[in-house]
Amino acid sequence: MTANSSPAAVLKSPAFRIGLATSRSHQHGPDSALAQLLNGSRNSIEQHLKPQLIVVGRTLDAMQQLGLLDQYPHIERFPYGRQGGLMKLVSRVVDADPARTLDAVIYIMDPVDPSSTFPEAVALKRQCVIHGKPFLSTLAGAREWLELEAMATGAAPNPALDPTFDLGNEGIALIAHDAMKERMLDIAERHFALLDQFAFRCATGTTGSLLNKLAQKIKGEEAGRNWVRPFLSGPLGGDAQIAELILDRQQCRRVLFLEDPHVARQHEADIQLLERAARTVTDYALCISDAQCGERWLTLLQQRAALIKS
């Protein structure tokens, strides 16, 4: 495996630069989340996206031990986490230099690993949200993102993933902080036809009420009345109610959670609970945390879902 940062090692300037890290529990063995991701998405990575992968030390060690992407030339090693590897990923997310900045971060996290709450891990996600870059913390999220982005370059769909794109059997949670509620309504209105295909939609508190009003405007008062199932507000436990659906794998594979990273949040623990629920069932659930990435994701999701019907 080529694993150095020398320009001579790069055959052609990659279109994407992706940071890659995994918790230790997701690195070991041929059935690990890391192995499932790189083996299952190998064609997307090697034949279509051809990204520069900036890989934190221990994750790259695991890739080498398992023979993952063993002939792939576009790999750069970053230090181990304890030596600042994740901190350097944060710096690359915010770097304005196109030859250095990261376009996305895949960090498959184990929610019971203490390192998932280290300052550098929290900052990595926060800066991705601020700068509108995908932060993919579950196997399902990373796998879906690679599939959709590869298809955007002309790749054929992976038939093994077809069941997850049959939206008539899928559900989605739509959540937004106060400052992001108008943006959520704008996104929902422009992507209403896609969201309407889902078998189940849910939301917390005020967001759910606003979305149902939008649905009534579009579909009619009766048809749109219960378009979204509203749970309690986040501070009163709505995030926990949706987390239970995720953990039970009950029609809530996808979460669009528009976060405002610039304000202090008294119910931070509830927000983290929802994210941790998705990471607990890492092969099932995914969470998109900012509007810019959510827009592109929904657009590509529409194209992928249409293939199931054709």
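Since the model is a prediction, treat every value here as computed from it, not as a measurement. All heavy atoms count here, side chains included; hydrogens, waters and symmetry mates do not.
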Specify the closest pair of heavy atoms between Lys219 and Gly224, including all atoms of both residues, with the distance to one decimal. CB-N, 4.2 Å
Have Thr59 and Thr22 got a donor and an acceptor in their side chains that come within less than 3.5 Å? yes
Going from CG on Asn169 to CZ on Phe200, what distance comes out if it is rounded to the nearest 0.5 angstrom? 14.0 Å
Tell me if a side-chain donor or acceptor on Asn39 pairs with a main-chain N or O of Ala35 at a distance below 3.5 Å. yes
Roughly how far, to the nearest 0.5 Å, is CG of Leu236 from CD of Gln241? 9.5 Å
Closest non-hydrogen atom pair between Pro79 and Val56, with its separation: O-CG1, 3.3 Å
side-chain hydrogen bond (donor to acceptor under 3.5 Å, both in side chains) pairs touching residues 127-140, sequence neighbours excluded, are Thr101-Lys133, Gln127-His131, Ser137-Arg279
Can you tell me if NZ on Lys181 sees more than 12 non-hydrogen neighbours from other groups inside 6.0 Å? yes
Is the side chain of Ser41 donor-acceptor paired with the backbone N or O of Ser44 at a distance under 3.5 Å, no angle test? no
N/O donor-acceptor pair under 3.5 Å between Glu275 side chain and Cys287 backbone: no
Give, for atom CG of Leu286 and atom OG1 of Thr164, the distance between the pair rounded to the nearest 0.5 Å. 9.0 Å
Calculate, to the nearest 0.5 Å, the distance between atoms CE and CZ belonging to Met180 and Phe257 respectively. 11.0 Å
Return yes if some donor-acceptor pair links the side-chain N/O of Glu76 with the main-chain N/O of Leu53 below 3.5 Å, else return no. no
Residues Arg225 and Glu221 bridged, charged N to O under 4.0 Å: yes
Distance check, rounded to the nearest 0.5 Å: Ile187 atom CD1 versus Phe192 atom CZ? 15.0 Å
Could you tell me whether a side-chain N or O of Arg249 sits under 3.5 Å from a main-chain N or O of Ile246, the two making a donor and an acceptor? no
Has Arg254 got its NZ or CZ under 6.0 Å from the middle of the six-membered ring of Phe165, at an angle within 45 degrees of the ring axis? yes
Any side-chain donor paired with an acceptor under 3.5 Å for Gln216 and Trp227? no
Distance-only donor-acceptor hits, side chain of residues 80-87, under 3.5 Å, sequence neighbours excluded:
| from | atom 1 | to | atom 2 | distance (Å) |
| --- | --- | --- | --- | --- |
| Tyr80 | OH | Asp61 | OD2 | 2.4 |

Checking Asp103 side chain against Arg17 main chain: does a donor-acceptor pair fall under 3.5 Å? yes
With a cut-off of 6.0 Å (strictly less than), are more than 12 heavy atoms of other residues, nucleotides or ligands near CZ of Arg24? no
Using salt bridge (Lys or Arg N to Asp or Glu O under 4.0 Å) as the criterion, list what pairs up with Asp162, not counting sequence neighbours. Arg304
Quick one: does any side-chain atom of Gln36 pair with a main-chain N or O of Asp31 as donor and acceptor, under 3.5 Å? yes
Straight-line distance of Cys202 SG to Ile242 CD1, nearest 0.5 Å: 4.0 Å
Are Lys125 and Glu259 ion-paired here, with the side-chain N under 4.0 Å from a carboxylate O? yes
Can you hop from Leu214 to Leu258 via hydrophobic side chains spaced under 4.5 Å? yes
Membership question, hydrophobic clusters at under 4.5 Å side-chain separation (ILVMFWY): are Val93 and Phe78 in the same one? yes
Do the side-chain N and O atoms of His191 and Glu295 include a donor-acceptor pair separated by under 3.5 angstrom? yes
Given 3.5 Å as the limit, does a donor-acceptor pair link the side chain of Thr280 with the main chain of Arg276, or not? yes
With the threshold set at 4.0 Å, does a side-chain nitrogen-carboxylate oxygen contact exist between Arg100 and Asp95? yes
Quick one: does any side-chain atom of Thr204 pair with a main-chain N or O of Ser233 as donor and acceptor, under 3.5 Å? no
Same cluster for Leu136 and Val55 if Ile/Leu/Val/Met/Phe/Trp/Tyr side chains link at under 4.5 Å? yes
